[in-house]
Each structure stands twice: as C-alpha cells, then as structure tokens.
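What follows is one structure encoded as structure tokens, with my remarks underneath.
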Amino acid sequence: MSSYWDPRDYTIEDQLREMVNGRDVATSGNEVFKGQSNGDVSMYWPSNSEKGHGHAVFHSDGSSEIVHK
C-alpha cells in the first residue's frame with residue numbers, strides 16, 4: 001500500500017467514518033487534525049513531498065514535534 005495521501009482528498013465521509021470509529025477529527029481548509037488516544041493531535045497538510053502531505057504532532061504537554069516535512 002502506498003503511503004501517498006493528499007489531505008485535500010479527505011472527504012466528509014472519511015471524517016464521519018473516523019468519528020464513528022471513535023477518533024476525534026477536524027478539518028480546516030486543506031488541513032486535517034486527528035486526535036490520538038494519548039491526548040496528542042496530529043496535523044496533516046498538503047505538500048509536494050513524495051507522501052503528498054506534511055505531518056506534525058502536537059503533544060498534550062504543550063510541546064510540538066515536526067514528524068515529516
């Protein structure tokens with residue numbers, strides 16, 4: 001399975017499916033925010049990378065870490 005994913009392709013159906021499965025999800029423009037069970041929030045945005053998106057994790061202690069560019 002390819003790791004390519006463009007957040008601009010994320011639909012309301014995708015968001016509802018994740019919410020039904022117990023995940024906190026929000027979108028803002030082309031960005032997608034996903035809550036994790038440990039309280040962290042992942043942010044995804046469109047990019048020209050080979051994965052099609054950038055990714056950052058915001059930790060519940062207030063720090064943040066860029067995971068990919």
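- Judged by distance alone, with hydrogens and angles left aside, the side-chain atoms of Asn21 form a donor-acceptor pair with the main-chain N or O of Arg17 at under 3.5 Å.
- Without hydrogens or angle criteria, His53 side chain to Pro46 main chain gives no donor-acceptor distance under 3.5 Å.
- Rounded to the nearest 0.5 angstrom, Asn30 CG and Ser47 OG are separated by 12.0 Å.
- Residues meeting the side-chain hydrogen bond (donor to acceptor under 3.5 Å, both in side chains) test with Ser28, sequence neighbours left out: none.
- Ser42 places a side-chain heavy atom less than 4.5 Å from the side chain of His55.
- Residues passing the salt bridge (charged side-chain N to carboxylate O under 4.0 Å, His left out) test with Glu18, sequence neighbours excluded: Arg23, Lys34.
- Once rounded to the nearest 0.5 Å, the distance linking CE of Met43 with CZ of Phe58 reads 6.0 Å.
- Atoms CE and CG, on Met19 and Leu16 in that order, are 6.0 Å from each other to the nearest 0.5 Å.
- Between atom OH of residue Tyr10 and atom OH of residue Tyr44 there is a gap of 10.0 Å, rounded to the nearest 0.5 Å.
- Looking at Glu50, its side chain never comes within 3.5 Å of a backbone N or O of Tyr4 through a donor-acceptor pair.
- Here the closest non-hydrogen pair linking Pro7 and Gly52 is CD-O, 3.7 Å.
- By the side-chain contact (heavy atoms from CB on, under 4.5 Å) test, Thr11 pairs with Glu13, Asp14, sequence neighbours left out.
- Shown here is Asn48, whose CG atom has no more than 12 heavy atoms of other residues, nucleotides or ligands within 6.0 Å.
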